[in-house]
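By convention in this document, chain letters (A, B, ...) are assigned in the order of the sequence lines, proteins followed by strands, and residues within each chain are numbered from 1.
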Amino acid sequence: MSQLPSIPSDLTLGEWLRADGPDSDIALCTRVRFARNLLGYRFASLLDAEESRDLTAYLVQQVGQLGMQEPLRVLDLMSMSELDRELLVERHLISRELAAAERPRAAAHDEPERVALMLNEEDHLRSQVFRSGFRVEEAYAAAEALDDKLISALPIAFSEEFGFLTSCPTNVGTGLRLSVMLHLPGLVWAEEMEKAANTCQKIHLAVRGMYGEGSRALGDFYQVSNQVTLGRSESSLVDDVRVAVAQLIAWERRVRLALLAGERRPRTLDRVWRALGTLQSARILSSEECLNGLSAIRFGVQQGLLPDLSAQDLNRLLLLTQPAHLQRLHGKSLEAAERDALRASLVRGALAGRGQGAL
Amino acid sequence: MQQPKCSHCGNARCKHGAPSVHVLDVAGWEIHKQQFVCEAIAQQLGILPQKQQLELSLPPDVLANLLGDLKPGTAAPATGDPTRPRPQETICTGCRLTLGAFKMRGRVGCPRCYETFRPQLVPLLERVHDATAHRGRFPGRPARIAPDPVDLTELRTRLQTAIAQERYEEAARLRDSLKKLSGGLEPDRDDGSGAS
């Protein structure tokens with residue numbers, strides 16, 4: 001996308017938006033997270049500042065000796081600016097909670113952003129593995145291998161009866177959270193998303209917004225993950241998510257075809273071109289309006305309606321229009337109104353002249 | 001990205017600081033309600049330990065509504081500081097977390113809490129996970145040779161009942177079975193230590 005400004009190396013697409021995996025037209029990324037705690041320390045919420053510092057220093061030292069294939073970059077979140085922490089949240093490398101906490105804490109990730117560790121989060125250690133697209137088995141295998149390294153290196157709190165012990169009882173047992181980020185505009189436009197979410201909940205899967213717990217489903221992006229962590233083996237939890245997400249993907253594909261056929265086609269095309277027109281012309285764009293517009297355009301790109309745009313272009317815009325990324329691009333902190341104007345300018349430049357030869 | 005707002009004072013950042021405490025109300029299968037509160041508010045509510053003694057000024061119905069209770073039908077304590085032990089209240093020897101504080105926070109404080117608060121935790125786990133025992137992998141051991149945790153849980157419950165009813169012969173037998181089933185890894189519970 002030639003109209004985009006030159007992008008600093010730390011703002012390039014991470015694994016979660018690279019969109020080069022299987023089914024990445026709908027499944028952006030697969031993530032596996034393990035929650036672990038250490039013996040010898042109280043859980044994070046009870047630690048005082050000194051204990052937090054000791055724990056974090058110990059974890060940083062041990063993580064540095066893991067012998068990872070890709071070296072990990074360790075980040076002291078205490079000494080980072082709020083903007084830099086927000087940048088990591090937008091890249092899904094750390095949680096919103098870890099970014100906002102005020103205790104000593106750290107994070108680590110590899111260069112391709114396929115592995116990320118959160119140190120002294122709600123649990124002492126949360127390891128995450130990302131794989132672009134819908135790659136549940138591969139992501140799980142990599143996460144388990146990393147977990148094995150951590151278990152060998154650290155005194156992990158484990159009970160034969162309750163499994164891996166976590167601060168919140170909702171995570172105890174396997175401590176596993178497997179989630180797939182899905183783009184489901186078809187189900188939303190066909191008003192079938194509520195039905196899909198209800199179906200997921202009946203089989204104990206959680207459906208959340210783009211940034212996990214508490215976040216809204218902006219831009220028709222949803223995270224589907226296992227809700228239960230205890231009383232089931234890791235492989236059966238992985239299977240549950242894999243089967244359910246495969247069905248959701250198939251459902252979304254069917255609905256997309258239906259939306260582009262017969263009487264529904266004109267309204268669907270109107271949604272896509274209206275969104276393109278708005279984003280090509282707007283002078284002020286909020287995060288929400290931008291995400292919703294990019295969602296409709298992404299639908300158009302994936303369905304072959306806009307051949308002069310690529311999914312990569314759209315994914316890059318999705319990331320760069322997030323507040324912290326925008327401010328990093330601009331090189332300074334910006335008020336919301338300034339961000340909205342800058343966002344509109346960035347998107348206008350990137351989409352200028354696109355969609356001309358389309359249907 | 002939008003900063004979460006404090007559910008109590010409504011601000012993304014106020015005199016109490018950023019709302020960095022995430023309160024989850026777990027009901028049935030799912031997280032029923034979730035809120036963010038400022039650290040100072042969280043201390044007032046007993047979610048976080050108090051750095052200094054603060055007056056608990058919120059009315060009890062607000063407390064009960066905001067935090068809920070792990071046990072349906074029971075209200076949060078009407079008065080007093082739930083983080084401070086009441087006479088004969090269960091308290092974890094590993095981290096000094098009181099039962100009241102655990103109920104208010106919905107978080108345990110250390111590995112030993114899982115043993116200390118077992119009577120409250122097991123029903124909660126049953127509701128949240130529809131299970132009370134781990135069936136996943138064991139660190140350092142392949143999962144396939146792990147003992148059946150359902151059997152272990154049942155045996156432990158029977159052992160506790162036998163001890164409580166002073167049926168010591170049966171208790172000894174159950175303890176032997178537990179040790180055998182767990183491959184000699186069953187901890188000795190006489191010292192009060194539990195989950196590790």
Side-chain angles (χ1 to χ4, degrees), chain A residues 37 39 41-46 48 82 86 89-90 96-97 100-103 122 144 147-148 151-152 156-170 172-176 201-202 204 206 211 213-216 227-237 287-288 322-324, chain B residues 1-4 17-22 24 26 29-31 34-36 39 47-49 51 70 94-97 105-111 113-115 118 121 124-125 128-140 143 146-147 149-150 152-153 156 182 185-187 194-196:
Chain A
N37 286 281
L39 292 171
Y41 291 90
R42 294 185 294 173
F43 288 163
S45 63
L46 285 187
D48 61 29
E82 192 176 339
E86 282 299 311
V89 173
E90 290 176 3
R96 183 181 288 167
E97 290 73 22
E102 291 178 356
R103 60 183 180 273
E122 176 182 296
E144 191 179 84
D147 193 45
D148 282 343
I151 288 171
S152 299
I156 299 290
F158 179 82
S159 136
E160 289 197 20
E161 183 176 9
F162 297 120
F164 292 95
L165 302 177
T166 53
S167 172
C168 183
T170 55
V172 76
T174 58
L176 165 68
Q201 279 162 11
K202 279 180 192 158
H204 313 142
Y211 289 98
E213 285 178 13
S215 65
R216 288 188 298 152
Q227 184 89 284
V228 166
T229 56
L230 181 70
R232 305 274 306 278
S233 69
E234 288 84 356
S235 59
S236 82
L237 294 172
S287 273
E288 185 170 350
Q322 301 286 311
Chain B
M1 189 190 61
Q2 276 196 329
Q3 180 80 10
S20 58
V21 182
H22 195 179
L24 296 180
V26 178
W29 288 107
E30 57 197 30
I31 295 162
Q34 47 191 333
Q35 301 167 70
F36 286 90
E39 195 171 319
I47 301 166
L48 289 180
K51 287 174 185 162
L70 293 174
C95 64
R96 312 299 299 165
L97 186 71
R105 302 151 53 97
R107 299 281 190 283
V108 293
C110 73
C113 285
Y114 276 88
E115 199 55 41
R118 167 191 287 273
L121 268 167
L124 173 70
L125 296 175
V128 173
H129 298 283
D130 198 21
T132 57
H134 180 54
R135 295 191 74 90
R137 65 200 196 102
F138 278 48
V150 175
L152 285 177
T153 305
R156 284 193 189 102
S182 61
L185 292 172
E186 182 66 8
S196 56

Might you point out which heavy atoms bring C168(A) and E122(A) nearest each other, and give the distance in Å? CB-OE2, 3.3 Å
From the list D48(A), I151(A), T166(A), L176(A), the residue making the most non-hydrogen contacts under 4.5 Å with chain B is T166(A)
Side-chain H-bond candidate by donor/acceptor type, R232(A) with T174(A), under 3.5 Å: no
Just give me the residue among S236(A), S233(A), G231(A) that pairs up with chain B most often, heavy atom to heavy atom, under 4.5 Å. G231(A)
Test: E161(A) and R118(B) ion pair at under 4.0 Å: yes
Is chain B contacted by the side chain of T229(A), its backbone, both, or neither, given a heavy-atom distance below 4.5 Å? both
Counting heavy-atom pairs under 4.5 Å with chain A, the top scorer among C110(B), C95(B), A131(B) is C110(B)
When heavy-atom pairs shorter than 4.5 Å are enumerated against chain B, which of A44(A), A206(A), P169(A) gives the highest number? P169(A)
Steps toward salt bridge (charged side-chain N to carboxylate O under 4.0 Å, His left out) verdict (E144(A), R137(B)): CA-CA 10 Å; E144(A) 191 179 84; R137(B) 65 200 196 102; 3.8 Å; yes
Using every non-hydrogen atom in the two residues, find where L165(A) and F43(A) come nearest and quote the distance to one decimal. O-CZ, 4.1 Å
Heavy-atom nearest pair, T170(A) first then H129(B), reads O-CE1, 3.2 Å
Where on L230(A) is there a heavy atom nearer than 4.5 Å to chain B: the side chain, the backbone, both, or neither? both
Let's test your reading of the structure: which of V172(A), L237(A), N37(A) forms the most heavy-atom pairs below 4.5 Å with chain B? V172(A)
Parallel, tilted or perpendicular, as decided by the 30° and 60° cut-offs, for the rings of H134(B) and F158(A): perpendicular
Segment of D147(A) engaging chain B (4.5 angstrom heavy-atom cut-off): both
Using non-hydrogen atoms and a 4.5 Å limit, figure out which bit of S235(A) sits close to chain B: side chain, backbone, both or neither. neither
